[in-house]
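Order of the sequence lines sets the chain letters (A, B, ...), proteins ahead of strands, with each chain counted from 1. Values below: all heavy atoms of this structure, side chains included; hydrogens, waters and symmetry mates excluded.
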Protein chains: 2
Amino acid sequence: MTQAATRRTPTLEDVAEAAGVSRATVSRVVNKKGTVDEGLRRRVLEAIDATGYVPNAAARTLVNRRTGTIALVMSGSDGSAAQVFADPFFGRITGGVVTYLRERAMHPTLMLADSDQARQDALDFVRRGNADGAILVSTHAGDPLPRLFVDAGVPAVLFARPADPVPISFVDLDHEAGAALAAAHLAERGCRRIATIAGPADLPAAIGRLSGFQRAMERHGVPYVHVARGNFTADSGERAMAELLAMDPELDGVFAANDLMAVGALRVLRDHGRSVPDDVALIGFDDSEPAQLTRPRLTTVYQPVEQMSAEMGAMLVALLADPDTPPSSVIFDPRLIVRESA
Amino acid sequence: MTQAATRRTPTLEDVAEAAGVSRATVSRVVNKKGTVDEGLRRRVLEAIDATGYVPNAAARTLVNRRTGTIALVMSGSDGSAAQVFADPFFGRITGGVVTYLRERAMHPTLMLADSDQARQDALDFVRRGNADGAILVSTHAGDPLPRLFVDAGVPAVLFARPADPVPISFVDLDHEAGAALAAAHLAERGCRRIATIAGPADLPAAIGRLSGFQRAMERHGVPYVHVARGNFTADSGERAMAELLAMDPELDGVFAANDLMAVGALRVLRDHGRSVPDDVALIGFDDSEPAQLTRPRLTTVYQPVEQMSAEMGAMLVALLADPDTPPSSVIFDPRLIVRESA
DNA sequence: GTGAAAGCGCTAACAG
DNA sequence: CTGTTAGCGCTTTCAC
């Protein structure tokens, strides 16, 4: 407990001296490696306590080639920092990643890749050994990020299947299945005049949700559904819903490709005097925070983001342990959360 | 461009050899420090390119005592990881911090301090030199985190004034002023039967908003306002609003201490047949995402979280540059965002 | 079981 | 302007 002179932060050397042993021995007890006589061990522990010793991470990393840090790279379309972090998705992924990593004494460093420069910075960050590997969250199409990391031979895993094929491990949701869940629920309610608010046409997730919905509706005897596009924001959901209402004022069922757009749709539905779910049944996707904030609460397709994030962590850890691990993918099953809107 | 043998990642030494100069010279051109003959500089640059050299962060840190990383510690009440990250606040702070740091080639490592163990881990992370300092986001009362860091002599700054006095720099909002803005707006609209949904009684921010609101209403000739407590969640806002309505069914103005509670209040107001803002005017606090998702959109008190985060970054950078910088605080001014709910 | 010694890759005086 | 020389603090064979 006695503090050593406050001069300089104590090193292994100091502890060794205080305990009357060699640096190697101190290292062994600190890292619980090898075998050390119990008596000595005790003496060393006391010396550590007395000196207030704390291992130096940089020195350790220099020899171990491990930092215990991984880069969590959020890939935003060029420019928008605020946008990325405002997305409720971001929080869920982050939470999942942190929760998984912390149990392994690892930590994520947050990086935003929203420009060529930023992408390069993120890559260099890992290459310089600031992090052992990277978790890439790429939600927009044609993102050069995955390719960049793979080509550089940097250990990385991905959230969401890449738009262009890249040999990298990733997790994703079975978007078709999720959309099919929504379709089945709508059909079951007896909805026959169906519309959907789709996401960006170049985003694999949006594509899957749209095609999955159309196909499933077909199976349920509804060969045609009205389609309007949004960009996953509430405002775009409003616009799309207005379009849809114009196309067919008698609509009785709507599937939005994410919750935020569903929230927007809900607003214009109400403004147009439609009661939800009585006149029009509405289903969202994601089960994000906003879904529970609306009135009626949103029936929506749950995406196990936290689990998916943990799986990414596991994939990366495996890749770090054996760099030759071949790429793999894990596709998660969605679940329909029935609340009030459908 | 030619890749060196893929054996081992190239070091300064390799570059020096390839360029026919000493390590020191290479170091100088890499770090743009000192002066190097233009001819040599060019040769070195070519060698770097040829070898594919990337500086090793650990080695650098070992001598520089700087990592370029700061710990962004989110302090949650014990247990709830998901909760913390789901809060829209988290995203805004993170965005602000990332934006500020990245321009200085710095990066935040995310840590969750929701238990004694986790707090200790966060502290050790910085003490081991994994990070140069810490930004502490402490939103709950009696949080031991600030004290812990200060006592350990670790450079740290804080979001929100600590409940118990601790010598540490922090940013905060002028909560009283924000509440006064809301009060003035309500008074101006002619509201006379006023209520407020307050936050946790032990949280400085909540205390300030409540007392500020009460005092301001008094000045506007309304000596008494009904008070119900929530815990900053939408559900608690619902409960509180129900209580308030029971206390005084003729209410015509409500101030909620945050947007989430306002969202909850909005729901029960609607359920009880009150039209907002015509029957009851409602004002929230924070101007978070949900405020814009409701219908009517929430009139709310804007908190410049991104700026506040940047200021924390600046405070920490200053502290890192000169550890003797005395603690300081910067209190930001709120702004009333008038939308539709009041 | 324990110590001595050789680095890990880089920076920073200090000479030249 | 450039090279030489010490380390930064730790881990890890390899002897003893």
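Taking five base pairs at each end of the helix from C:dG1-D:dC16 to C:dG16-D:dC1, the local helix axes there meet at an angle of 40°, rounded to 10°.
Put simply, B:Thr35 has a side-chain N or O that comes within less than 4.0 Å of OP1 or OP2 on D:dC1.
Residues forming a side-chain hydrogen bond (donor to acceptor under 3.5 Å, both in side chains) with A:Asn130 (at least two apart in sequence, or on another chain): none. Applying the salt bridge (charged side-chain N to carboxylate O under 4.0 Å, His left out) test to B:Asp151 and every residue at least two apart in sequence or in another chain returns B:Arg147. For A:Arg127, there are no side-chain hydrogen bond (donor to acceptor under 3.5 Å, both in side chains) partners at least two apart in sequence or on another chain.
The main-chain N or O of A:Ser169 is never found under 3.5 Å from a side-chain atom of A:Ser328 such that the two would form a donor-acceptor pair. Proximity of a side-chain donor or acceptor of B:Asp132 to a complementary backbone N or O of B:Gly68 within less than 3.5 Å is detected.
Among the heavy atoms of the strands lying under 4.0 Å from B:Val21 are primed sugar atoms or P, OP1, OP2 only; no base atom is included.
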Stepwise side-chain contact (heavy atoms from CB on, under 4.5 Å) test for B:Val44 and B:Val36:
CA-CA 10 Å; B:Val44 169; B:Val36 178; 5.8 Å; no

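Atom C1' of nucleotide D:dC10 and atom CZ of A:Arg66 are separated by 17 Å, given to the nearest angstrom. Here D:dG3 presents its C1' atom at 11 Å from CG of B:Leu40, a figure rounded to the nearest Å. Put simply, CG on B:Leu12 is 15 Å from P on D:dT4, counting in whole angstrom units. To the nearest angstrom, P of D:dC8 lies 9 Å from CD of A:Glu13.
With a cutoff of under 4.0 Å to any heavy atom of chain A, the contacted region of DNA chain C is bounded 5' to 3' by C:dG1 to C:dG9.
The salt bridge (charged side-chain N to carboxylate O under 4.0 Å, His left out) contacts involving residues 17-31 of chain B comprise B:Glu13-B:Arg23, where partners must be two or more places apart or lie in separate chains. Applying the side chain to side chain donor-acceptor pair (under 3.5 Å) rule to pairs touching residues 307-327 of chain B yields nothing, sequence neighbours excluded. Residues in residues 115-134 of chain B take part in these ring pair (Phe, Tyr, Trp, His ring centres under 6.0 Å) pairs, two or more places apart or across chains: A:His107-B:Phe125.
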Review item, side-chain donor-acceptor pairs of residues 160-167 of chain B, under 3.5 Å, at least two apart:
none

Using a 3.5 Å cut-off and no angle test, enumerate the donor-acceptor pairs between side-chain atoms of residues 52-62 of chain B and protein atoms at least two apart in sequence or in another chain.
residue	atom	partner	partner atom	Å
B:Asn56	OD1	B:Ala58	N	2.8
B:Asn56	OD1	B:Ala59	N	2.9
B:Arg60	NH2	B:Asn31	OD1	3.0
B:Thr61	OG1	B:Ala57	O	2.9
B:Thr61	OG1	B:Arg66	O	3.1

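Nearest heavy atoms, B:Thr67 versus B:Ala131: OG1-CA, 3.6 Å.
For the segment residues 120-132 of chain A, the set of residues with a heavy atom within less than 4.0 Å of an atom of DNA chain D is empty.
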Detail all sub-3.5 Å separations between protein N/O atoms and N/O atoms belonging to nucleotides 12-16 of chain D.
residue	atom	partner	partner atom	Å
D:dT12	OP2	A:Lys33	NZ	3.3

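For the atom pair CZ (A:Arg128) and OG1 (B:Thr9), the distance works out to 13.0 Å, reported to the nearest 0.5 Å.
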